[in-house]
Protein chains: 2
Amino acid sequence: MDPLPEDGESSRPRRRTRIQQRNVEAILDAALDVFSQAGFRAATLDAIAERAGLSKPNLLYYFDSKEAIHAELLDGLLDIWLDPLRALDADGDPQAQLMGYMRRKLDMSREMPRESRLFANEILQGGPRITDTLGGTLKALVDEKAAIIRGWTEAGRLAPVDPHHLIFSIWALTQHYADFEVQVRAVLGARDPFPEAETFLDTLYGRLLAPQG
Amino acid sequence: MDPLPEDGESSRPRRRTRIQQRNVEAILDAALDVFSQAGFRAATLDAIAERAGLSKPNLLYYFDSKEAIHAELLDGLLDIWLDPLRALDADGDPQAQLMGYMRRKLDMSREMPRESRLFANEILQGGPRITDTLGGTLKALVDEKAAIIRGWTEAGRLAPVDPHHLIFSIWALTQHYADFEVQVRAVLGARDPFPEAETFLDTLYGRLLAPQG
DNA sequence: TTATTGTTTGACCAACTGGTCAAGATCACG
DNA sequence: CGTGATCTTGACCAGTTGGTCAAACAATAA
């Protein structure tokens with residue numbers, strides 16, 4: 001019998017038994033490991049199954065297909081991933097808001113590097129499974145927040161900057177520490193990148209954003 | 001007969017016939033397409049062969065294995081990739097040197113996005129085929145240039161910044177426009193990212209690096 | 001207990017993948 | 001031209017991969 005019968009009405013992911021709860025969680029966690037390190041195509045169900053401590057047919061009892069696992073991961077993540085940007089508040093202090101956004105993104109890179117790499121892999125490969133979201137939800141959100149930033153600049157509360165590229169820069173700089181962690185650590189040796197990164201980014205955005213010259 | 005007999009003595013890649021010249025080039029170009037978009041494991045010899053206009057056995061007449069093609073690409077690229085950083089000159093004007101480095105990296109993202117993605121894929125997947133280089137050549141080069149930058153700062157010719165993270169920031173910001181091109185373009189719509197990016201990065205590093213406050 | 005539902009697995013399959021090989025086609029040069 | 005070297009390919013192979021299925025096993029409610 002179908003274990004997770006795509007509940008047509010309610011969108012609650014009601015998990016029926018505690019066995020399902022446990023196994024679905026284990027699968028998604030293992031899949032995050034594997035997909036984020038290998039990308040969709042190079043990831044194998046065998047690898048996910050092994051890491052989850054289940055047999056491959058057992059995986060496919062809980063999820064229809066490899067695609068379905070990947071899709072559930074991406075869906076669940078897109079929301080979390082954009083939350084910090086959603087929190088950018090037009091009524092707050094411009095510099096504090098942007099510094100806070102940057103710091104939250106850096107925190108996510110430190111605490112959720114697998115998620116960061118999952119997205120990076122997806123985008124690198126042309127984002128075939130999220131192009132809709134990119135041109136839809138994401139673009140809308142970025143445009144909205146860019147307008148807020150432009151407002152701040154025009155009010156003289158922020159140094160003049162291209163708002164879109166300011167946002168890109170925050171993505172690039174913070175996610176770099178997760179996506180290119182291997183490289184960063186190889187260059188830094190034993191040093192922990194993150195405290196240094198936070199100091200550096202504070203300086204960088206402090207100097208970039210302070211109004212006046 | 002072996003087409004490219006690993007010339008033991010001379011390190012010149014002397015290609016004997018023009019057929020070899022043409023086909024090896026076609027293979028490497030096709031392989032760059034495929035590897036940069038899919039990553040090593042997900043790339044297939046069939047895909048490379050098709051794009052190169054050759055049969056799969058014919059590919060393997062010119063290269064011993066899939067690994068060999070990938071290795072030749074990475075080898076050839078690592079040099080080119082680090083050239084802009086090598087060019088950073090201790091005797092030049094600090095700001096001009098760093099701005100020049102940043103612009104050259106941005107140019108490379110615009111003109112060699114496939115190469116950028118090839119590296120990104122490799123690093124994202126843990127860099128199994130270049131860990132030696134990362135902790136060796138790369139770390140040495142970065143440490144050397146970081147020392148130069150520190151010297152400039154201590155001489156008061158540059159605003160105080162962590163040199164390593166300054167270099168990371170240049171990598172992250174410039175390569176972002178190649179590696180995450182799909183996302184950037186989805187958000188910007190029809191606009192061409194690169195001219196805007198150059199202006200933005202000029203502003204950003206101008207404000208970050210200018211000595212004094 | 002028993003009937004029902006939920007869970008797990010070994011055996012299996014077709015498609016794909018990297019790679020081999022021997023035979024044939026083509027080229028360069030005396 | 002002829003001959004040896006270079007180039008190309010169809011057929012093939014073993015290992016991997018996503019996915020199926022029927023049968024066995026476990027949990028649970030009546």
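Side chains included, hydrogens not; waters and symmetry mates left out as well; all remaining heavy atoms used. Numbered from 1 within each chain, the chains take letters A, B, ... in sequence-line order.
Across the protein-nucleic acid pair, A:Phe63 atom CZ and C:dT7 atom P stand 13 Å apart, rounded to whole Å. Here D:dG19 presents its C1' atom at 12 Å from CD1 of A:Ile69, a figure rounded to the nearest Å. Note: CZ (B:Arg22) to C1' (D:dT6) measures 13 Å, nearest angstrom.
Of the candidates C:dT7, D:dC7, C:dG19, D:dC7 carries the atom nearest the B:Tyr61 side chain, counting heavy atoms from C-beta on.
Formation of a donor-acceptor pair under 3.5 Å by the A:Ser116 side chain with backbone atoms of A:Ser109 is not found in this model. In this structure a side-chain-to-backbone donor-acceptor pair under 3.5 Å is present from B:Lys66 to B:Ala43. Checking side-chain atoms of B:Arg41 against main-chain N and O of A:Ala42 turns up a donor-acceptor pair under 3.5 Å.
For the pair B:Arg129 and B:Asp75, the salt-bridge criterion is not met [side-chain N within less than 4.0 Å of a carboxylate O].
Phosphate proximity of D:dT9 to B:Asn58: present, with a side-chain N or O under 4.0 Å from OP1 or OP2. Distances shown here put a side-chain N or O of A:Asn23 below 4.0 Å from the OP1 or OP2 atom of C:dT8. Applying the 4.0 Å criterion to OP1 and OP2 of C:dT8, one finds that A:Tyr62 has a side-chain N or O inside that range. At C:dT7, one or more side-chain N or O atoms of A:Gln20 fall inside 4.0 Å of OP1 or OP2 (strictly under the cut-off).
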Donor-acceptor list for residues 193-201 of chain A side chains, cut-off 3.5 Å, not counting sequence neighbours:
from     : atom 1 : to       : atom 2 : distance (Å)
A:Glu196 : OE1    : A:Arg191 : NH2    : 3.0
A:Glu196 : OE1    : B:His165 : NE2    : 2.6
A:Glu196 : OE2    : A:Arg191 : NE     : 2.9
A:Glu196 : OE2    : A:Arg191 : NH2    : 3.3
A:Thr199 : OG1    : A:Pro195 : O      : 3.2

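Contacts of B:Leu60 with the nucleic acid, taken as non-hydrogen atoms under 4.0 Å apart, include base atoms.
Along DNA chain C, the nucleotide nearest B:Ile19 and the nucleotide nearest B:Glu67 are compared for position; the residue whose nucleotide lies closer to the 5' end is B:Glu67.
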**Request:** Under the salt bridge (charged side-chain N to carboxylate O under 4.0 Å, His left out) rule, what do B:Arg110 and B:Asp192 come out as? Steps first, then yes or no, please.
**Result:** CA-CA 11 Å; B:Arg110 175 172 39 208; B:Asp192 179 2; over 6 Å; no

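Using a 4.0 Å cut-off on heavy atoms, the residues of residues 35-57 of chain A that approach DNA chain C are A:Arg41, A:Ser55, A:Pro57, listed by number.
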